[in-house]
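Contents: one structure, followed by commentary.
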Amino acid sequence: MASSVQSGGSSGGPAVPTVQRGIVKMVLSGCAIIVRGQPRGGPPPERQINLSNIRAGNLARRAAATQPDAKDTPDEAWAFPAREFLRKKLIGKEVCFTIENKTPQGREYGMIYLGKDTNGENIAESLVAEGLASRREGMRATTPEQNRLSDCEEQAKASKKGMWSEGNGSHTIRDLKYTIENPRHFVDSHHQKPVNAIIEHVRDGSVVRALLLPDYYLVTVMLSGIKCPTFRREADGSEIPEPFAAEAKFFTESRLLQRDVQIILESCHNQNILGTILHPNGNITELLLKEGFARCVDWSIAVYTRGAEKLRAAEKFAKERRLRIWRDYVPPTANLDQKDKQFVAKVMQVLNADAIVVKLNSGDYKTIHLSSIRPPRLEGENVQDKNKKLRPLYDIPYMFEAREFLRKKLIGKKVNVTVDYIRPASQATETVPAFSERTCATVTIGGINIAEALISKGLATVIRYRQDDDQRSSHYDELLAAEARAIKNGKGLHSKKEVPIHRVADISGDTQKAKQFLPFLQRAGRSEAVVEYVFSGSRLKLYLPKETCLITFLLAGIECPRGARNLPGMVQEGEPFSEEATLFTKELVLQREVEVEVESMDKAGNFIGWLHIEGANLSVLLVEHALSKVHFTAERSSYYKSLVSAEEAAKQKKEKIWTHYEEQPVEEVVPVLEEKERSASYKPVFVTEITDDLHFYVQDVETGTQLEKLMENMRSDISSHPPVEGSYNPRRGEFCIAKFEDGEWYRARVEKVESPTKVHVFYIDYGNREILPTTRLGALPPAFSTRVLPAQATEYAFAFIQVPQDEDARTDAVDSVVRDIQNTQCLLNVEHLSTSCPHVTLQFADSKGDVGLGLVKEGLVMVEVRKEKQFQKVITEYLNAQESAKSARLNLWRYGDFRADDADEFGYSR
């Protein structure tokens, strides 16, 4: 008990009873109460005190369910008014009491005073004075207290108060009703208007027994929208409390037990009533949540009439502070930074009725699933014909409507995303496929919750969760309410009408159907379409709504980089900037409404034409952004000028596919002064490679030492950090390192990727080529890139000679050159430029003899006659050598001069 004090008195007199204090928890009857102490770390101790020397009537009692023959006991006259007198006077108040007698059974009898000491109001005397209790029969007035009781009773009789009034007091007997025949009708009849009541018992924090006034219905009321920890009844009848069950019960008892309250009857569950209890000091439902004694429950929060969002807010308050039942709570987004929990993003694609792809401010793409909703799905086993391939968008009822709702509402728009939870990846089972990790969020646009709008139209349903599953939408109650409205109004999935059917013909790749359809599309001019899929920068799948068909569409007038392709047993690498072109097209037109002009079709049944998005021609846009080249077929189009203009502008910027673009020199006829002479400035070079078409690669002797030093350092670095075999993924145009047949590493460039075992590489410092597996390739360390030292092998061709077109003759010439100059030092002079590579004359370093002239003398090649004045002297020398070889019938000339009418047959031209 809270406290006790010893009253004063002489040391030689009789013992004076100890005065003890407590707070009145409950009034059992007109002559019995329960007092409790102050709570310290949990519910406080309690004890029942019975008033000495008086008797009040017994209250009604319901027959025990275990005794079928027993009958309910009604109130005795004036019993309820006596209880009410004490309840209103004492509940929650501090009293002091003395114990005068204790029976062997443990019942305690004593005097109770209102206040902190015995100078306060004597409760027994007040009851007797009001005629609500009487002195016990046979009691003699032998003490001052008993004399006062006798005087009070005489005064009550004289004043005809209470039980001493005329009549038998039948009007004080309640007509208690323990059951309600039709609970639903009973609840509805009150129209959610507050009903006066007294809380008679608290079962647990959220379930009470209430006496409804003025009709005396004794009902069980469950607080709408919440649930507190409960007491689990064991087989032996004992009760085991769940964590914080006792504390929650005390929290409710100390505020509501035997208080006058108002109850809003909101719904019913069996014989139990769902309601909200209102007290002048506040709403107990919200208080329990805020203090961490209760959690929200979905099945009853929907009927809560005071604002479900207040309950969720109160629960969130307790969760954030980890109060009581939430002491081990971990938020679903605890591992996310604030910027990842809430952000603005642009919608790029609608995947289906519950998922979208957004583009973040960083440029990254992220898939977002709408929290707590389930898209339309097929019900039952026999709905889908097993011989027919399922197309979810068109075959699942209302899936197309749901996708279109999201597409029209969101595509290309900025939305607010609030991440509610991360659903971890799940393994596949016999009935459920595997799912990767999913980010689930509430998505809003213009203040509208997209998931709620989708559900309210009957185009999705709400997922039901276990009560302890906290991974759900932060607006879950609004979703439930929206679903209830959709069901009530028969919207979408909840409609009794016939399910909409979408008969969409897919003529992609069907040549016969495409041929039949082509004239119709050509005559139609511009047709409306929706871009359903983007295969590459210039290849798309379109849905034509008026024609209800799907077609594959190729952009006309351009040559777009080809993307990677899966071929049998290998992956063909995509061309440079193919991925960028695909991404550009996706961002611009995917799932957008566009207009198309169909001009023709290819052999595979794909339509070719022009696509317009918001008035812009997509072919022109791709060329403009240096992601496509103009194709010669565009010349007959009305868009040709726009395409050429866009291409010229892109070339000037030298971006993307035009990065290495060099303007072709315009060949102008410039009068050459007769006195101009041929420039002869020979420099030393080292010949490293001769090609089959008689071109050759050389290294500049002056930079040879730099190359040797770079190779030495690179090989040292590679031996310290060797590349992992097979880890390198080669891409066309990339620089890399390649292991040559001598076992050493060299710098190289990837020219073509056929398969992991066949990668074509070019050794940039030596000019030779090789086909290698990826196991002999690795990434080029940045310290040895072409920025540090440019590629050392430079390609040249012989000036003033024609390479034989006949394969055998050309092989003879190449073999001669290889024998004479490969891997030797020579002297090189650039004579003139051409579109492929510079044309030069080459001299032996020791004899200064002209290598090309030597080939002419041996009859291995013919002379290329040039008309420039400065070359006439050397050309004359070459022609004289050719005449000598012809006279001697050497090699090419062994059958005489073949350059007559049959020259083409021999593969030569003059």
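Within the structure, no pair that satisfies the side chain to side chain donor-acceptor pair (under 3.5 Å) test touches residues 574-585, not counting sequence neighbours. Residue pairs that meet the ring-ring contact (aromatic ring centres under 6.0 Å, His included) test with at least one member in residues 335-374, sequence neighbours left out, do not exist here. Pairs passing the ring-ring contact (aromatic ring centres under 6.0 Å, His included) check and including a residue from residues 471-493, sequence neighbours excluded, read Tyr465-Tyr476. Applying the side chain to side chain donor-acceptor pair (under 3.5 Å) test to residues at least two apart or on different chains, the pairs with a partner in residues 239-251 are Thr230-Glu242, Arg233-Glu239.
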Name each donor-acceptor pair under 3.5 Å that joins a side chain in residues 724-734 to protein atoms two or more places apart or in another chain, with its distance.
residue: Ser727; atom: OG; partner: Val724; partner atom: O; Å: 2.7
residue: Tyr728; atom: OH; partner: Glu734; partner atom: OE1; Å: 2.8
residue: Glu734; atom: OE1; partner: Arg731; partner atom: N; Å: 3.3

Do any side-chain atoms of residues 311-319 form donor-acceptor pairs under 3.5 angstrom with protein atoms, and if so which ones, sequence neighbours left out?
residue: Arg312; atom: NE; partner: Asp477; partner atom: OD1; Å: 3.2
residue: Arg312; atom: NE; partner: Asp477; partner atom: OD2; Å: 2.5
residue: Arg312; atom: NH2; partner: Asp298; partner atom: OD1; Å: 2.9
residue: Arg312; atom: NH2; partner: Asp477; partner atom: OD1; Å: 2.7
residue: Glu315; atom: OE2; partner: Cys296; partner atom: N; Å: 2.8
residue: Lys319; atom: NZ; partner: Asp470; partner atom: OD1; Å: 2.5
residue: Lys319; atom: NZ; partner: Asp470; partner atom: OD2; Å: 3.4

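With sequence neighbours excluded, no residue satisfies salt bridge (Lys or Arg N to Asp or Glu O under 4.0 Å) with Glu528. With sequence neighbours excluded, no residue satisfies salt bridge (Lys or Arg N to Asp or Glu O under 4.0 Å) with Arg203. Take Arg466 and apply the salt bridge (Lys or Arg N to Asp or Glu O under 4.0 Å) test, not counting sequence neighbours, and it matches Asp468. Under the side-chain contact (heavy atoms from CB on, under 4.5 Å) criterion, Val344 pairs with Lys414, Asn416, not counting sequence neighbours. Here Ile487 pairs with Glu483, His494 under the side-chain contact (heavy atoms from CB on, under 4.5 Å) rule; sequence neighbours left out. The salt bridge (Lys or Arg N to Asp or Glu O under 4.0 Å) search around Glu404 returns Arg407, not counting sequence neighbours.
The local environment of CZ in Arg592 is crowded, with over 12 non-hydrogen atoms from other residues, nucleotides or ligands closer than 6.0 Å. No more than 12 heavy atoms of other residues, nucleotides or ligands shown are found within 6.0 angstrom of CD on Glu498. Glu309 CD: more than 12 foreign heavy atoms inside a 6.0 Å radius. Taking a 6.0 Å sphere around NZ of Lys366, one finds it holds 12 or fewer heavy atoms contributed by other residues, nucleotides or ligands.
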### Query
Between Glu286 and Thr276, is a side-chain contact (heavy atoms from CB on, under 4.5 Å) present by the stated rule, with each step listed?
CA-CA 10 Å; Glu286 292 178 24; Thr276 299; over 6 Å; no
### Task
Mind running side-chain hydrogen bond (donor to acceptor under 3.5 Å, both in side chains) on Ser473 and Ser371 for me, showing each step along the way?
CA-CA 5 Å; Ser473 169; Ser371 299; 5.1 Å; no
### Message
Assess the residue pair Phe584 and Leu621 against the criterion (side-chain contact (heavy atoms from CB on, under 4.5 Å)); give the C-alpha distance rounded to whole Å, side-chain angles, the decisive distance to 0.1 Å, and a yes or no.
### Response
CA-CA 9 Å; Phe584 177 84; Leu621 291 174; 4.1 Å; yes
### Message
Could you go through Tyr533 and Leu550, starting from their C-alpha distance and side-chain angles, then the distance that decides it, and tell me whether this counts as side-chain contact (heavy atoms from CB on, under 4.5 Å)?
### Response
CA-CA 10 Å; Tyr533 193 77; Leu550 293 166; over 6 Å; no
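Glu266 and Ser224 share a donor-acceptor pair across their side chains, judged by distance under 3.5 Å alone.
In this structure, the side chain of Arg232 does not engage the main chain of Ile240 through any donor-acceptor pair within 3.5 Å. A donor-acceptor pair is defined here as one N or O able to donate and one able to accept, closer than 3.5 Å; such a pair exists between the side chain of Asn489 and the backbone of Arg485. Tyr398 contributes a side-chain N or O that, together with a main-chain N or O of Gly492, makes up a donor-acceptor pair within less than 3.5 Å. Side chain of Gln192 to backbone of Thr305: no donor-acceptor contact under 3.5 angstrom is found. Under the 3.5 Å distance criterion, the side-chain polar atoms of Ser238 are left unmatched by any main-chain donor or acceptor of Glu234. Listed for the Ser206 side chain is a donor-acceptor partner under 3.5 Å among the backbone atoms of Cys228.
In this structure, Phe293 CZ and Thr252 OG1 are separated by 8.5 Å, a value rounded to the nearest 0.5 Å. A distance of 8.5 Å separates CG in Leu542 from OG in Ser508, rounded to the nearest 0.5 Å. A distance of 8.0 Å separates CG in Asp420 from SG in Cys440, rounded to the nearest 0.5 Å. In this structure, the separation between CG on Asp354 and CD1 on Ile373 is 5.5 Å, given to the nearest 0.5 Å.
The only option from Val417, Thr442, Leu351 that meets the side chain to side chain contact (heavy atoms under 4.5 Å, CB included) definition with Ile368 turns out to be Val417.
Of all heavy-atom pairs spanning Gly205 and Leu223, the tightest one is O-CD1, 4.0 Å. Closest of all the heavy-atom pairs between Met399 and Pro375 is CE-CB, 4.4 Å. The minimum heavy-atom distance linking Glu547 with Leu544 is given by the pair OE1-CB, 3.1 Å. Taking both residues in full, the closest heavy atoms of Leu406 and Ala353 are given as CD1-O, 3.7 Å, listed atom of the first, atom of the second, then distance. Minimum heavy-atom separation, Ile448 to Ala453: CG2-CB, 4.2 Å. For the pair Ala294 and Trp326, the tightest heavy-atom approach, listed with the atom from each and the gap, is O-NE1, 3.8 Å.
For the pair Arg255 and Phe251, the cation-pi criterion (under 6.0 Å, within 45° of the ring axis) is fulfilled.
Under the 30°/60° scheme for interplanar angles, the aromatic rings of Trp299 and His269 are found to be tilted.
A salt bridge links Glu587 with Lys359: the closest approach of a Lys/Arg side-chain nitrogen to an acidic carboxylate oxygen falls below 4.0 angstrom.
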